[in-house]
Colleague: 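Take a look at the following structure, please.
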Amino acid sequence: MIVRVGHFQAAAGQSAALYQFLLSLSDHISQSAGNLGYQVLTDDESSDKFMVIEHWQSKQAHQDSLAAYPKEQMAAVMPLFAGMPTGHYYHSEG
C-alpha cells in the first residue's frame with residue numbers, strides 16, 4: 001500500500017471554495033481503480049491550508065487517477081490555489 005499526502009493552500013478569500021473542491025474530488029478518487037481511502041483535513045492554525053491523505057494500492061494507481069481527471073475541470077479551479085500543491089508518497093516498512 002502507498003499513502004499519498006498532499007498539501008494545499010488556498011488563494012486569498014478562497015478557503016471555503018478550495019475545501020469544497022477537495023471534498024468533491026472524493027467521488028472521482030473513490031471510484032478510481034486502486035483507491036483505498038481519501039481524507040481532507042484542515043490545518044488547526046490556518047484555515048487556508050489543507051492536507052489530503054490518499055491510500056492507494058500503488059503509485060501507478062494514483063497516477064492513473066490523476067491522468068483520468070478532466071483537465072478542463074482542473075484548469076477551472078486553479079485560481080483557488082495560492083500556489084502549486086505539493087505532495088509525497090509514503091509506505092510502511094513492515
Colleague: What about Phe8 and Val5, same hydrophobic cluster or not, with Ile/Leu/Val/Met/Phe/Trp/Tyr joined at side-chain heavy-atom distances under 4.5 Å?
Modeller: no
Colleague: Return all side-chain donor-acceptor pairs below 3.5 angstrom for residues 68-81, not counting sequence neighbours, or 'none' if the list is empty.
Modeller:
unit_1: Tyr69; atom_1: OH; unit_2: Gln73; atom_2: OE1; d: 3.3
unit_1: Lys71; atom_1: NZ; unit_2: Ala67; atom_2: O; d: 3.1

Colleague: I would like to know whether Phe50 and Asp43 meet side-chain contact (heavy atoms from CB on, under 4.5 Å); could you show each step before the answer?
Modeller: CA-CA 6 Å; Phe50 305 96; Asp43 188 296; over 6 Å; no
Colleague: At their closest point, which heavy atom of Ala61 faces which heavy atom of Ala33, and how far apart are they?
Modeller: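 For Ala61 versus Ala33, the nearest heavy atoms are CB-O, 3.6 Å.
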Colleague: Side chain to side chain donor-acceptor pair (under 3.5 Å): which pairs involve residues 4-22, sequence neighbours left out?
Modeller: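 Checked against side chain to side chain donor-acceptor pair (under 3.5 Å) - neighbours excluded - the pairs reaching residues 4-22 are Gln9-Asp48.
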Colleague: With side chain to side chain donor-acceptor pair (under 3.5 Å) as the rule and sequence neighbours excluded, what pairs involving residues 25-35 come up?
Modeller: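 Those involving residues 25-35 are His28-Ser65, Ser32-Ser65.
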Colleague: My understanding is that only residues two or more places apart in sequence, or in another chain, count here; which of them pass side-chain contact (heavy atoms from CB on, under 4.5 Å) with Leu41?
Modeller: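 side-chain contact (heavy atoms from CB on, under 4.5 Å) check on Leu41 returns Gln39, Met51, Ile53.
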Colleague: What pairs with His88 under side-chain contact (heavy atoms from CB on, under 4.5 Å), at least two apart in sequence or on another chain?
Modeller: Tyr90
Colleague: Shared ILVMFWY cluster between Leu66 and Leu25, side chains joined below 4.5 angstrom?
Modeller: no
Colleague: Just grab all the side chain to side chain donor-acceptor pair (under 3.5 Å) pairs involving residues 51-61, residues at least two apart or on different chains.
Modeller: Glu54-Trp56, Gln60-Asp64
Colleague: For the residue pair Met1 and Leu36, establish whether any side-chain heavy-atom pair is separated by less than 4.5 Å.
Modeller: yes
